[in-house]
Amino acid sequence: MSKITLKQLAEHLGLTQGTVSRAINNYPNIAEKTRKRVQEEAYRLGYRPNVIAQRLATGVTKTIGIMLGGDDISAQASPFFTQLLIGMSSVLIKEGWDLTIFFNHEGVEQETFIKQTVYSGKVSGCILLRTLVDDERIKLFKTLDFPFVAYGRSKDDKGYSWYDIDSEEAFEIIVSYLASLGHKDIAYLGGNKELSHALVRQNGFKYGLKENKLKYRKEWDIVTDMTEVGGYEASKRILASEKIPTAIACVTDVVAIGAIRAIKDRGLKVGRDVSVVGYDGIPFGESIDPPLTTMVQPLKEAGEKLTKMLLQIIAKENKGHLQYLGKAQLSKRKSAGKPRV
């Protein structure tokens, strides 16, 4: 379908160009029924606002956006997210761009939320976090032909730009390291398997067990909400069993910190009675007692890389899609040691 103009869209709807423009840009003085009708028809007919013209008319500066949802606010408040933002900001400051965080309030459909963001003209591109195995956001951004880059991959990683860390390999390394210390009974604290990174890390954990000829125990594979409290409660369940593991691999450092607290509360020594390994490499992990053994992913660098990729996409400097897979590095500390005989 050929691209239509604002004038043609207004004529089709029987409205003035000013009304249509205000509806697309979510001005407050437009009735909700009108706004929804205009945006739905604009999307159906393939109308794309001229972002450059809007900038000249409204004075909006060069800006990229991060889209957040209420269902994962705990993750957004984590040290992981903070480090990522630091990396993004360092690039944007140098390039003279700004960053806007769009928060999807409860009750707003995701499709509506994304269309409002795209049609607002307030950003030239978006960074998507916490990708899902089957991610409708990615499909919609591709349909809208709007610049974006995903931090992580969905099950179909073709046809769009993404940056990711090979966390499947990382958890194979975690299990192999624990096995090399003499651990045979290893538990796993994971996350919602609709999240790509949670599923991939669980797969890596299982592959690691298989490679090292260790037994997988379903009762020791627990889904958490990926918070410190979630890690604490899940570890309490495992430690209340008749047989307990000698080591626990955790989907994130925050979950691992909760596990360490639960082990201590049980009167056990971390790194001797039960070892703990996390994933992320957040700065706080090095300061806890005992310091957390973890797979360190380059969080600041990830923020920088994602931002540079998005600016390239917006500037149309690349002919194809940008896709980059990085590596995490094992940092050996005192939370993991040889199992007690």
Side-chain angles (χ1 to χ4, degrees), residues 166-191 197-198 200-224 226-297 327-341:
D166 193 346
S167 52
E168 183 174 293
E169 178 190 70
F171 273 81
E172 292 176 25
I173 291 171
I174 288 174
V175 175
S176 295
Y177 173 61
L178 290 170
S180 73
L181 293 175
H183 292 278
K184 296 180 179 179
D185 300 317
I186 307 172
Y188 176 70
L189 303 186
H197 69 272
V200 167
R201 292 174 197 182
Q202 185 203 40
N203 289 340
F205 172 76
K206 288 181 176 179
Y207 291 151
L209 291 178
K210 187 175 181 180
E211 287 175 356
N212 290 280
K213 298 180 172 58
L214 300 177
K215 184 178 180 181
Y216 168 75
R217 291 179 171 86
K218 190 174 182 180
E219 68 273 19
W220 286 355
D221 185 348
I222 298 180
V223 173
T224 76
M226 293 195 288
T227 64
E228 184 177 341
V229 173
Y232 178 82
E233 294 298 333
S235 298
K236 279 178 62 178
R237 285 170 55 189
I238 291 176
L239 297 174
S241 305
E242 185 176 343
K243 179 180 177 62
I244 66 171
T246 61
I248 302 176
C250 300
V251 65
T252 67
D253 285 350
V254 174
V255 170
I257 291 169
I260 287 175
R261 187 159 59 89
I263 294 166
K264 288 181 177 180
D265 285 356
R266 181 70 191 275
L268 300 172
K269 185 174 179 61
V270 178
R272 185 184 66 178
D273 297 315
V274 183
S275 290
V276 177
V277 181
Y279 179 97
D280 273 337
I282 62 173
F284 182 64
E286 197 169 2
S287 303
I288 64 172
D289 180 28
L292 179 63
T293 296
T294 184
M295 291 297 296
V296 180
Q297 62 168 323
K327 302 285 185 181
Q329 301 293 325
L330 179 64
S331 179
K332 302 175 184 178
R333 300 176 186 146
K334 293 184 178 181
S335 71
K338 294 182 179 180
R340 188 175 186 178
V341 179

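FYI, the numbering just counts along the sequence from 1.
- Under the 3.5 Å distance criterion, the side-chain polar atoms of S176 are left unmatched by any main-chain donor or acceptor of I173.
- Side-chain N or O atoms of K327 include none that pairs as donor or acceptor with a backbone N or O of E169 at under 3.5 Å.
- Heavy-atom contacts from other residues, nucleotides or ligands closer than 6.0 Å to CZ of R237 number 12 or fewer.
- Using cut-offs of 30° and 60° for the angle between ring planes, the F205 and Y188 rings count as parallel.
- Between V296 and S331 the shortest heavy-atom distance is CG2-CB, 3.7 Å.
- Atom CZ of F284 has 12 or fewer heavy atoms from other residues, nucleotides or ligands within 6.0 Å.
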task = Apply the test side-chain contact (heavy atoms from CB on, under 4.5 Å) to residues D280 and Q297: give CA-CA distance (whole Å), side-chain angles for both, the deciding distance (0.1 Å), then the verdict.
result = CA-CA 5 Å; D280 273 337; Q297 62 168 323; 2.6 Å; yes

message = Walk me through whether V223 and Q202 qualify under side-chain contact (heavy atoms from CB on, under 4.5 Å).
response = CA-CA 10 Å; V223 173; Q202 185 203 40; over 6 Å; no

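- Here T252 pairs with nothing under the side chain to side chain donor-acceptor pair (under 3.5 Å) rule; sequence neighbours left out.
- Judged by distance alone, the side chains of H183 and T246 do bring a donor and an acceptor atom under 3.5 Å apart.
- The main-chain N or O of I282 is found under 3.5 Å from a side-chain atom of D253 such that the two form a donor-acceptor pair.
- The line from OG of S275 to NZ of K269 is 11.0 Å long, rounded to the nearest 0.5 Å.
- One finds the CZ atom of R201 at 12.0 Å from the CD atom of E168 (value rounded to the nearest 0.5 Å).
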message = Could you go through S235 and I248, starting from their C-alpha distance and side-chain angles, then the distance that decides it, and tell me whether this counts as side-chain contact (heavy atoms from CB on, under 4.5 Å)?
response = CA-CA 9 Å; S235 298; I248 302 176; 4.2 Å; yes

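- In this structure, the side chains of L214 and L178 stay at 4.5 Å or more apart for every pair of heavy atoms.
- With rounding to the nearest 0.5 Å, the separation of CZ in F171 from CE in M295 is 8.5 Å.
- P245 approaches V274 most closely through the heavy-atom pair O-CG2, 3.7 Å.
- Closest approach of L209 to V175, counting heavy atoms only: N-CG1, 3.6 Å.
- Among residue pairs with one or both ends in residues 172-188, those qualifying as salt bridge (Lys or Arg N to Asp or Glu O under 4.0 Å) are D185-R217, D185-K243; sequence neighbours excluded.
- Minimum interatomic distance between Y279 and S167 (heavy atoms only, all atoms of both residues): OH-CB, 3.5 Å.
- Smallest separation of non-hydrogen atoms from I174 and A249: CG2-CB, 4.0 Å.
- In this structure, the side chains of M226 and H197 come closer than 4.5 Å at one or more pairs of heavy atoms.
- Annotation: salt bridge (Lys or Arg N to Asp or Glu O under 4.0 Å) contacts involving residues 332-341, sequence neighbours excluded, comprise D273-R340, E286-R333.
- Under a 3.5 Å cut-off, the side chain of S335 and the backbone N or O of T293 do form a donor-acceptor pair.
- Taking each heavy atom of C250 and A256 in turn, the nearest pair found is SG-CA, 3.5 Å.
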